[in-house]
Amino acid sequence: MDEKIKRIGFIINDSSTDYSKGLVNGMRAACKDFNSTLLIFPVGEYGKSYSQYGYQKRAVASLISKNNLDGLIFSTAVHGAHVSFKKLAKYVHSFSDIPVVNLGTVIPDMPTILTDCEPGLENMITHLIKKHGCKRIALMSAGENSKEAEERTEVYKKTLEKNGIPFDESLILYGFFSYPMAMTALKDYEDEHGNLDFDAIVCLNDYMAYAAVDYCKQHNYSVPDQIKITGFDDIPKTSISDPTISSINQQIETQGYLAMKTISQMIDGEEVISLIKVPSKVRYRQSCGCISLNESHFDYQTESYTVVSEEQSMRNNSSSEWLIRKDQIKTIESYFQNTQGKINLFDFTGNFQFVLTNFDIDAAAIVIYEEPIIMPKMFDHFEIPSKAYVLAAYDNTRNFNYKRDKNTKPFYPGEKLLPEEYMNFHNEPYFVVSLSNGEFQYGYLVYKPGGFDETMYDLIVTMVSHRLSVAFENSKTEEEKAKLDKNNKLLQKISRTDELTKLLNRRGLLELGQESIDLAIKYGKTGLVIFGDMDNLKSINDTYGHDAGDKAIMAIAKILSNAFRKNDIIARIGGDEFAIVATGLDQTSFKKVKEKIDKECEAFSKKTKEDYTLSISLGFTTFHAESFAMSALLLEADAKQYREKRSKKENE
């Protein structure tokens, strides 16, 4: 029998930071070496919410227990800047019913892996003094509650003293590891003192260093001639920014790997080292003046002033990154644009797999509580409801797809994160994120991330949360309406009809089209959902006026009505968009219908002698027992229609 895969949790405040990415990369590499699954819980910063309802993220931390995990890694380095160390330590120890390894600050009675910041920071400050002659060196720190910042501040003081420079309390600025707050700290200092009267700023992370560089640029302080700036973390962008940032490398990936190794040893009952210090290393670049601003390649100097060239791949990544993210944003935007209409839980589950697969998520499961839970203010602990249901789940790697039905059994998430049949966990990272909207907690999402940027996944989760809340409330409203009254048939017909073409409108399509699909499936039949988009309607409107555009729309409506059968559902669902549900139609039949439509469009143009050519791009998808939700089918057919439209434009 194969050895059981260990389930390791990782609590982090924000998965999209370079610090978190580095740790996860190291942990990912360790997953296979130590036969582990990594479950990442992004729960926000302890004691602080940067948005009105950001505190809701913490709810999933309550899923961390001996029933769901074998061990936990806790990143305290970035988790406690806004609470006392005592309170943070107490919170970390609240998870001690399972083995816990801590990253970043020493927590009593808990194995810890941290950066030995002293060698790197001492070398950096000494370098500024001896190499560059700096005498007034400001420290951009993080605040009195950060143990990590306190330790680094002591190194700063000690290094100044070693070099005969008196400590000046006014030169400690507080940026709280944040770009905007570092900008504010510099502005406050300049307002109080009249100018930035120091010749160097040592920042305790790179985001604050970027803020310092940008502030200097905006206020005409030359970097590095007037003010030298250094960072801490050596995130990838430090070597491609302008100027490149002198920084301190914490060997983050190494720390992530060691954390996985240590927690695995603890689970196996082995003795572990109580404190592992990973030495920090300096990287001198342009922002301190060691690399010329005229250098076009990405170099840095080590503490021995050896010049090291960055990998060519770093440059390639920097130039293509924005293109990749642009495509990712367009995919997210498309999802947003196509999900603006009314939706219920049936629709939500129908397109769940299709939507998330578009975001390169190959496996996901969504869990909802029996009723939403109101959490009106910040909390430490979330009381998990006793009943929850898997609303939808899929795993493309094993061709698994599930949607909640009347036979779905409830389970208690405190005893199991997911019932075993819904997801197979492998030696890879997975995310566990809260699904909330405003004050309401709806459940949580478990997913295996793909190639999208972590920040994009944060946005995707927010959008899914919103759609779920809308679907939940709409389903509830629909149930209540069904109990209260029956719709008037005439009003229903009017509400389903497009005024211009007298075809069905979007509502009519979703209602009657879904009924048609459900009926077909009940009798073992399949068929097509077809999406049509008129070509060049905007050009017709702009050139010949909206009357001509309306005429073209009505002509297309008539052509579609003639081409399809009387029992097919035909609708105009937008300005130039049409959709058809055709039971029994297959790909071969569709080609014949498409040829008929093209011929009638050509005949219309010749007969009416219009200056424009009437045409429509069509795409289709097949409905069957495993794929039957109208909203999802429309999205698929639309995507195929778009490819036809793009092909037409390329061949013009």
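Since we're looking at a predicted model, the values are computed, not measured.
Summarising the local packing, CD of Glu421 is surrounded by more than 12 heavy atoms from other residues, nucleotides or ligands at distances under 6.0 Å. Residue-environment remark: OH (Tyr642) stays at or below the threshold of 12 foreign heavy atoms within 6.0 Å. In this structure, Asn399 places its CG atom where only 12 or fewer heavy-atom neighbours from other residues, nucleotides or ligands lie under 6.0 Å away. The number of heavy-atom neighbours closer than 6.0 Å to CD of Glu383, taken from other residues, nucleotides and ligands shown, is 12 or below.
A centroid separation of 6.0 Å or more is found between the aromatic rings of Phe628 and Phe623. Aromatic pair Phe472/Phe440: centroids not less than 6.0 angstrom apart.
Ion pair Lys522/Asp518 not flagged as a salt bridge, since none of the NZ, NE, NH1 or NH2 atoms sits closer than 4.0 Å to an Asp/Glu carboxylate oxygen. With salt bridges taken as basic N to acidic carboxylate O contacts below 4.0 Å, one links Lys606 and Glu602. Using a 4.0 Å cut-off between a side-chain N of Lys or Arg and a carboxylate O of Asp or Glu, Asp453 and Lys21 qualify as a salt bridge.
Under 3.5 Å, the side chains of Ser436 and Gln56 contain no donor-acceptor pair of N or O atoms. Side chains of Asn396 and Gln353: a donor on one and an acceptor on the other come within 3.5 Å. Using a 3.5 Å distance cut-off with no hydrogens or angles, the side chains of Thr477 and Asn474 do not pair a donor with an acceptor. For the residue pair Asn437 and Ser465, no side-chain donor N or O sits within less than 3.5 Å of a side-chain acceptor on the partner. Between Tyr369 and Gln441, the side chains place no donor N or O within less than 3.5 Å of an acceptor N or O (distance only, hydrogens not considered).
Using a 4.5 Å heavy-atom cutoff, the side chains of Leu418 and Val390 are in contact. Proximity of Val24 to Ser15: side-chain heavy atoms (C-beta onward) are nowhere separated by under 4.5 Å.
Side-chain atoms of Thr408 come within 3.5 Å of backbone atoms of Asp405 as a donor-acceptor pair (strictly under, hydrogens ignored). Distance alone, capped at 3.5 Å, places no donor-acceptor pair between the Thr622 side chain and the Leu528 backbone. Listed for the Tyr402 side chain is no donor-acceptor partner under 3.5 Å among the backbone atoms of Ala365. When atom types are taken as modelled, the side chain of Lys403 and the backbone of Phe352 share no donor-acceptor pair closer than 3.5 angstrom. Side-chain atoms of Thr621 never come within 3.5 Å of backbone atoms of Leu633 as a donor-acceptor pair (strictly under, hydrogens ignored). Between the side chain of Asp360 and the backbone N or O of Phe452 there is no donor-acceptor pair closer than 3.5 Å. Remark: the backbone N or O of Met534 is paired with a side-chain donor or acceptor of Lys645 at under 3.5 angstrom. Without hydrogens or angle criteria, Ser62 side chain to Ile384 main chain gives no donor-acceptor distance under 3.5 Å. For Tyr19 (side chain) and Asp14 (main-chain N/O), no donor-acceptor pair under 3.5 Å exists by modelled atom type. Judged purely by atom type and a 3.5 angstrom limit, Asp395 has no side-chain atom pairing as donor or acceptor with the backbone of Phe400.
A tilted orientation is assigned to the rings of Tyr457 and Tyr447, their planes being inclined by 30° to 60°.
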Handout entry: Audit row: Leu510, Gln514, side chain to side chain contact (heavy atoms under 4.5 Å, CB included) steps and yes/no
Key = CA-CA 6 Å; Leu510 293 177; Gln514 190 66 64; over 6 Å; no

Practice task
Would you check, one step at a time, whether the test side chain to side chain contact (heavy atoms under 4.5 Å, CB included) holds for Val529 with Ile517?
Solution key: CA-CA 9 Å; Val529 171; Ile517 291 172; 3.9 Å; yes

Exercise for the section: Take Ile597 and Phe564, measure what side chain to side chain contact (heavy atoms under 4.5 Å, CB included) needs, and give me the verdict at the end. Expected result: CA-CA 9 Å; Ile597 291 169; Phe564 288 92; 3.9 Å; yes

Exercise for the section: Evaluate the side chain to side chain donor-acceptor pair (under 3.5 Å) criterion for residues Asp586 and Ser589: first the C-alpha distance (whole Å), next the side-chain angles of each, then the deciding distance (0.1 Å), finally the verdict. Expected result: CA-CA 5 Å; Asp586 58 18; Ser589 305; 2.8 Å; yes

Practice task
Please test Met423 against Tyr430 for side chain to side chain contact (heavy atoms under 4.5 Å, CB included), starting from the C-alpha separation and ending with a verdict.
Solution key: CA-CA 11 Å; Met423 185 171 290; Tyr430 294 76; 4.1 Å; yes

Exercise for the section: Dump the intermediate steps for side chain to side chain donor-acceptor pair (under 3.5 Å) on Asp533 and Gln641, then the final yes or no. Expected result: CA-CA 7 Å; Asp533 190 295; Gln641 171 275 136; 4.6 Å; no

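Considering all non-hydrogen atoms of both residues, Ile5 and Ser36 come closest at CG2-C, 3.8 Å. Taking every heavy atom of both residues into account, Thr455 and Ser16 meet most closely at OG1-CB, 3.3 Å. Taking both residues in full, the closest heavy atoms of Val60 and Tyr444 are given as CG1-CB, 3.9 Å, listed atom of the first, atom of the second, then distance.
Cation-pi contact between Lys387 and Tyr389: absent, since separation from the ring centre below 6.0 Å together with deviation from the ring axis within 45° is not met.
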Using residues 570-584 as the side-chain source, report each donor-acceptor pair under 3.5 Å to any protein atom, sequence neighbours left out, with the distance given to one decimal.
unit_1: Arg572; atom_1: NE; unit_2: Gly574; atom_2: O; d: 3.0
unit_1: Arg572; atom_1: NE; unit_2: Gly575; atom_2: O; d: 3.3
unit_1: Arg572; atom_1: NH1; unit_2: Asp498; atom_2: OD1; d: 3.2
unit_1: Arg572; atom_1: NH1; unit_2: Asp498; atom_2: OD2; d: 3.3
unit_1: Arg572; atom_1: NH2; unit_2: Gly575; atom_2: O; d: 3.0
unit_1: Thr583; atom_1: OG1; unit_2: Ser516; atom_2: OG; d: 3.4

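To the nearest 0.5 Å, atom OG1 of residue Thr497 and atom CG of residue Leu500 are 12.5 Å apart.
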